[in-house]
Amino acid sequence: MAHWLMKSEPSVWSWSQQVEAGPAGTYWNGVRNHQAKQHLMAMKEGETAFFYHSNEERAVVGIVEIIRTFYPDPSDETGKFGMVDVRAKAPLPKPVSLAAIKAEPRLAKMALVTNSRLSVQPVTDAEWEIVCGMGGC
DNA sequence: GCCAACGTTGGC
DNA sequence: GCCAACGTTGGC
């Protein structure tokens, strides 16, 4: 089972909004980058992703579950991009900050560190375990 | 608020 | 098809 990391600016779409959306979940739209699209297309139902707050907060704050695989994004008039549906699964008891991730040598290869602008990223099993350990989940 | 990194666009 | 110009993202 693959793992992922999805970034959002809290002022645009925050973890608390994701939690409020409840078990029905919401669509994750607005991705307009081909690399990110490839990752969205590779996601399978039931897989999990870290929910990362960029900009103001810069921390992994929760875990979401993919509940619907890739389908067209109606807000994209070119018809090229799509989205998946996700729902909040669990918060991280201790949010893991970007600084903490950068301070952990075993996480030096994370896409979050090496390609910070990519909004949807794959996370290896090893990285997932380490971040989970740091976050208390 | 600044700036580096990256992606996209458009002129040639 | 190349590359300069521009816009956007996101860390600091």
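Residue numbers start from 1 in every chain, and the chains themselves are labelled A, B, ... in the order their sequence lines are given, proteins ahead of strands. Because the structure is a prediction, the values reported are computed rather than measured.
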Can you give me the bend angle of the helix from B:dG1-C:dC12 to B:dC12-C:dG1? Use the axis through the first five pairs and the one through the last five, nearest 10 degrees. 10°
Give every residue pair that meets the ring-ring contact (aromatic ring centres under 6.0 Å, His included) criterion with at least one member in residues 71-117 of chain A, sequence neighbours excluded. A:His34-A:Phe81
Which nucleotide span of DNA chain C, 5' end to 3' end, has atoms closer than 4.0 Å to non-hydrogen atoms of chain A? C:dT8 to C:dC12
All side chain to side chain donor-acceptor pair (under 3.5 Å) counterparts of A:Thr78, not counting sequence neighbours: A:Asp76
For A:Arg106, what residues pass the salt bridge (Lys or Arg N to Asp or Glu O under 4.0 Å) criterion, not counting sequence neighbours? A:Glu104
Who passes side chain to side chain donor-acceptor pair (under 3.5 Å) against A:Gln38, sequence neighbours left out? none
Going by salt bridge (charged side-chain N to carboxylate O under 4.0 Å, His left out), name the pairs with one or both residues in residues 41-57 of chain A, residues two or more places apart or in two chains. none
Pairs touching residues 127-137 of chain A that satisfy salt bridge (charged side-chain N to carboxylate O under 4.0 Å, His left out), sequence neighbours left out: none
Quick check on the 6.0 Å ring-centre criterion: do A:Trp28 and A:Phe70 meet it? no
Apart from A:Leu118 itself, what residues make up its hydrophobic cluster when side-chain heavy atoms of I, L, V, M, F, W and Y under 4.5 Å apart count as a link, directly or indirectly? none
Hits for salt bridge (Lys or Arg N to Asp or Glu O under 4.0 Å) against A:Asp85, two or more places apart or cross-chain, chain-then-number order -> none
Contact class for A:Glu57 vs. all strands (heavy atom < 4.0 Å): base, sugar-phosphate, or nothing? nothing
Using the ring-ring contact (aromatic ring centres under 6.0 Å, His included) criterion, which residues pair with A:Tyr52? Sequence neighbours excluded. none
For DNA chain C, what residues of residues 94-106 of chain A have any heavy atom nearer than 4.0 Å? A:Leu98, A:Lys102
